[in-house]
Chemist: 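First, the structure itself, so that you have it in front of you.
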Amino acid sequence: MGKTVEVLAVTLAPDFRAEAYDPGPAKQIVVGLTSTEHRSEIRVHCPGGHLKSSVKERDV
């Protein structure tokens with residue numbers, strides 16, 4: 001089982017942009033997406049070979 005993750009593609013909603021990020025492979029990847037009104041932070045890692053993700057949302 002793999003213990004690293006890698007971003008293969010990011011598809012943005014209209015008016016969003018991706019902040020700079022390291023696409024991996026890495027133990028954890030964090031991708032920030034922003035618009036003029038909103039920010040999303042997506043974290044992905046693979047502890048023990050099992051994919052785990054979390055998303056934080058907030059208004060700007």
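Computed over heavy atoms, backbone and side chain alike; hydrogens, waters and symmetry mates excluded.
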Chemist: Membership question, hydrophobic clusters at under 4.5 Å side-chain separation (ILVMFWY): are V44 and V10 in the same one?
Modeler: yes
Chemist: Same cluster or not: L8 versus L51, using hydrophobic residues (I, L, V, M, F, W, Y) connected whenever any side-chain heavy atoms lie under 4.5 Å apart?
Modeler: no
Chemist: Enter the distance from H50:NE2 to K3:NZ here, rounded to the nearest 0.5 Å.
Modeler: 10.0 Å
Chemist: So, for R39 and G32, which heavy atoms are closest and what is the spacing to 0.1 Å?
Modeler: NH1-CA, 3.8 Å
Chemist: Compare every heavy atom of E57 with every heavy atom of S40, then report the nearest pair and how far apart it is.
Modeler: OG-OE1, 2.8 Å
Chemist: Does some side-chain heavy atom of L33 sit less than 4.5 Å from a side-chain heavy atom of I42?
Modeler: yes
Chemist: Can you check whether V60 reaches T34 side chain to side chain, under 4.5 Å on heavy atoms?
Modeler: no
Chemist: Might you point out which heavy atoms bring Y21 and V7 nearest each other, and give the distance in Å?
Modeler: OH-CG1, 3.6 Å
Chemist: So which atom in C46 and which in V5 form the shortest heavy-atom distance, rounded to 0.1 Å?
Modeler: CB-CG1, 3.9 Å
Chemist: Looking at every heavy atom in both L12 and A18, which two are closest together, and how far apart are they?
Modeler: CD1-N, 3.9 Å
Chemist: Is there side-chain contact between E41 and E19, with at least one heavy-atom pair below 4.5 Å?
Modeler: no
Chemist: Under 4.5 Å between any side-chain heavy atoms of H38 and D59, yes or no?
Modeler: yes
